[in-house]
Protein chains: 4
Amino acid sequence: MVQFPNGRSNGGLTGAERRADARRTEILRAASRTFREKGFAATGMRDIAAHADLSPGILYHYFRGKHELLYFCQDRSLDRMQDALEAARRSGEPATEQLRRVIVAHVLCLLDELEGSAAHLEVDALPAKLRARIVEKRDRYEQGIRRLLAAGVQKGELVDCDATLVARAILGALNWSARWFRPDGPSSPADVADALARYLVRGLASGAQTRKLSLKSPMPRGVA
Amino acid sequence: MVQFPNGRSNGGLTGAERRADARRTEILRAASRTFREKGFAATGMRDIAAHADLSPGILYHYFRGKHELLYFCQDRSLDRMQDALEAARRSGEPATEQLRRVIVAHVLCLLDELEGSAAHLEVDALPAKLRARIVEKRDRYEQGIRRLLAAGVQKGELVDCDATLVARAILGALNWSARWFRPDGPSSPADVADALARYLVRGLASGAQTRKLSLKSPMPRGVA
Amino acid sequence: MVQFPNGRSNGGLTGAERRADARRTEILRAASRTFREKGFAATGMRDIAAHADLSPGILYHYFRGKHELLYFCQDRSLDRMQDALEAARRSGEPATEQLRRVIVAHVLCLLDELEGSAAHLEVDALPAKLRARIVEKRDRYEQGIRRLLAAGVQKGELVDCDATLVARAILGALNWSARWFRPDGPSSPADVADALARYLVRGLASGAQTRKLSLKSPMPRGVA
Amino acid sequence: MVQFPNGRSNGGLTGAERRADARRTEILRAASRTFREKGFAATGMRDIAAHADLSPGILYHYFRGKHELLYFCQDRSLDRMQDALEAARRSGEPATEQLRRVIVAHVLCLLDELEGSAAHLEVDALPAKLRARIVEKRDRYEQGIRRLLAAGVQKGELVDCDATLVARAILGALNWSARWFRPDGPSSPADVADALARYLVRGLASGAQTRKLSLKSPMPRGVA
DNA sequence: TATGAATGAGATTTCATTCAT
DNA sequence: TATGAATGAAATCTCATTCAT
């Protein structure tokens, strides 16, 4: 749950504040969608306002500017992904399974029409101060993935590999989906997430396991 | 080798034409580098001109505009990648090896300081007419990769998989490298290309082979 | 009365819409005056903005660009002229009188500081789509004049002539006035209109009438 | 015959000078044609160079710049027209006939593919110094026409009229032909000139003559 | 003479942001 | 809160003119 700075604990929101927060979330959704479709630089505040069915001026009542919109989009996405990463780690499952969960959560977060945001892909567009905060969060997330990989290697569940490079390869494969995925296409976000996880995990699974890992869904969707 | 339309065979260029072509190539290099660093929309003609040590106006002497610069960057990259793809296919080697070659070539093409260009990642920024041509080339390239995968599956060299999705996963992992790679970092483009190829191929290699595929370079760089 | 498309009947304009329409009209007046003085190509948006006492940027809030300004100038003028043409035809008067009325209205429309616009003289500066619409209106207007001439010939009120060429000669004589007329000169627009009408009609009037048609105003302006 | 300043009498031109003068004339023709087609401001030096089959740079070898090209176009046209005006006056014919001759010459000069130029229609585009010279010539020409009219009135050959306004009406009707005339249309420049002269003279012819003046060509072109 | 590369000023246009209402 | 008019800076692009060759 993202929280906007309002000087009160979440429980003590007044009605007006709750309404404002709801409006902020709507705007962020519109911004997120537009950034994903056209990229940050090519997106105008007017586009965002139009997507949110608001006038351009009012956006500045809720956010400081275009940069802050990008910042919050990235911040929310990274928070959700980080949450999923930590949940996976706490599960105590084998590294392959943890990795699978993280991948699935990442893809769903990206492709989910309502909350997702590919906006974290454009860190460089942020002004220095905001960029520093996002870069820190992003690096923490990447580091978490690297640790997950390293732990799996150490336990013999994953083959020895350059964790940094593999993490980036995985993130590239995942983030790229925001570019080519079409909501009206044949696959659902869950399908995509699942298939990506199978492939990307198989490349790391050690020895005996590998042979057993199929890249085909065992059960086609919608069939008993 | 990219060739600009000048109505003569490459061998018959006059001195002036050769100089003009050289200038065009310089400009494209500058454009390519700038697009990669800041993205198409955030790149100004001034940036490109500055990188090429020219005045902004003269760029229009050699190219019709910013869009054409993007177009040629994309066109050149895709041509080189397509060439590599066909060379791999003609080699008659096992699918795993063919795939490895294509991946390596793709990454080297992207990260090569002199000629590389990640610009084909921004097809949507092109005006309709130019976009159609690039999309056609890009689709042909993607299809080539899917065919390579499918052939490998049929020969039993690769595990059964959704070729479309796997191709996109691979391309995402590769293209992403243009974002994070730093020429002054610890790894050379060749290192990155090799490591990505190992990981991405291992996830597809069938049966017995898989176990033998290591993700670590057999020989660390610079060590006897 | 020109009307901008706003989805309501003119009577139902809100205050804001009325203000916006008034602004649009102001801008068109400024544009019209500047086009007439310097020609379309030599007129800058800055000139127009300066004449309208606005910043250049805001012009794009009300119009899509310089071309649209030219288009509306031409459209308004042609509408007014067409109206006058039809009114003259409906009057049922002799052809000479009808022609005189059309000429007077045309000149007044051109020279009237408030609403006039010689801008329809530069049809070729318009982009194809807008040009087509203006050309159609202009051709309809010219055709109307040709018909008026032809009808007069048939009734014996005008001498036999090449209606196409005479219509163009008349329009040339009229349109040219926008070039040489100076509001601070000795003649009023009405004077000019009247004198032009006398001369241009006399050249067509048949037989007996001609001798009676004087080219001198019967009563100098301002004299008892 | 226009003469470029070259410091010698026309008879003493060297071969090189003769060639240069021929080149100047070619360039002026190209400029004239382009100005007529697109207007001064919308015409680029590149357009002129292309029409003359030359490189843009060389134009500056023969002329000081775009303005000078316009100046010479106007200068040449006005000289030819002035010559025709004086020849008409010297002829001693009736005013109606003199006027007819002047009109015909004016139109032929405008529409002549080889030497004609509508460029004198854009006096305001000239820099002050050149403009002053052209304005003087133009005013002298207009004055000549006014005198011709006034003389005709005094001799009773023309009806009493406001010579200034009628002169402008005539010039408008004539100059306008440069806008609408198409060389590939049904009428030749001579046809147009003749028809315009008939109409414009008839409006001024006094008494008895008027009735006899037909606006139809007595003999259709190409028929015995 | 002749070319065409090069420049610099200025054109139209866009757009994040502010502000009066 | 909310609107949309308004601004000013900057973007892309054009073009007359100059200059090296």
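Here is the naming used below: chain letters follow the sequence lines, and residue numbers restart at 1 for every chain. From a predicted model like this one, the values you see are computed outputs, not experimental measurements.
- Between B/Arg18 atom CZ and E/dG4 atom P the separation is 16 Å, expressed in whole Å.
- A heavy-atom distance below 4.5 Å is not found between the side chains of D/Tyr60 and D/Glu68.
- Of the residues in residues 124-131 of chain C, not one places a heavy atom less than 4.0 Å from an atom of DNA chain E.
- For C/Ala20 and B/Phe40, each mapped to the nucleotide of DNA chain F holding its nearest heavy atom, the one lying further toward the 5' end belongs to C/Ala20.
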Got a list of protein N/O to nucleotides 13-15 of chain E N/O distances below 3.5 Å?
{"unit_1": "E/dT13", "atom_1": "OP2", "unit_2": "C/Tyr60", "atom_2": "OH", "d": "2.7"}
{"unit_1": "E/dT13", "atom_1": "OP2", "unit_2": "C/Lys66", "atom_2": "N", "d": "3.0"}
{"unit_1": "E/dT13", "atom_1": "O5'", "unit_2": "C/Tyr60", "atom_2": "OH", "d": "3.3"}

Under 3.5 Å, which donor-acceptor pairs do the side chains of residues 27-34 of chain D form with other protein atoms, sequence neighbours left out?
{"unit_1": "D/Arg29", "atom_1": "NH1", "unit_2": "D/Glu115", "atom_2": "OE2", "d": "2.8"}
{"unit_1": "D/Ser32", "atom_1": "OG", "unit_2": "D/Gly116", "atom_2": "O", "d": "2.4"}
{"unit_1": "D/Thr34", "atom_1": "OG1", "unit_2": "D/Ala30", "atom_2": "O", "d": "2.5"}
{"unit_1": "D/Thr34", "atom_1": "OG1", "unit_2": "D/His51", "atom_2": "ND1", "d": "2.8"}

Intra- and inter-strand pairing of DNA chain F, written as dot-bracket with Watson-Crick and G-U pairs under 3.5 Å and | for the latter, reads .||||||||||||||||||||
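- Every salt bridge (Lys or Arg N to Asp or Glu O under 4.0 Å) that B/Glu26 has, sequence neighbours left out, goes to B/Arg23.
- For B/Arg19, there are no side chain to side chain donor-acceptor pair (under 3.5 Å) partners, not counting sequence neighbours.
- Counting only heavy atoms from C-beta outward, the side chains of D/Asp21 and D/Arg18 never approach each other to under 4.5 Å.
- Between B/Ala41 and C/Ala16, the residue anchored closer to the 5' end of DNA chain F is C/Ala16, taking for each the nucleotide with the nearest heavy atom.
- In this structure, A/Leu54 atom CG and F/dA2 atom C1' are separated by 9 Å, rounded to whole Å.
- Two residues are said to be in side-chain contact when any heavy atoms from C-beta on lie closer than 4.5 Å; B/Arg179 and A/Leu121 meet this criterion.
- When heavy atoms are screened at a 4.0 angstrom cut-off, D/Arg19 is found touching no nucleic acid atom at all.
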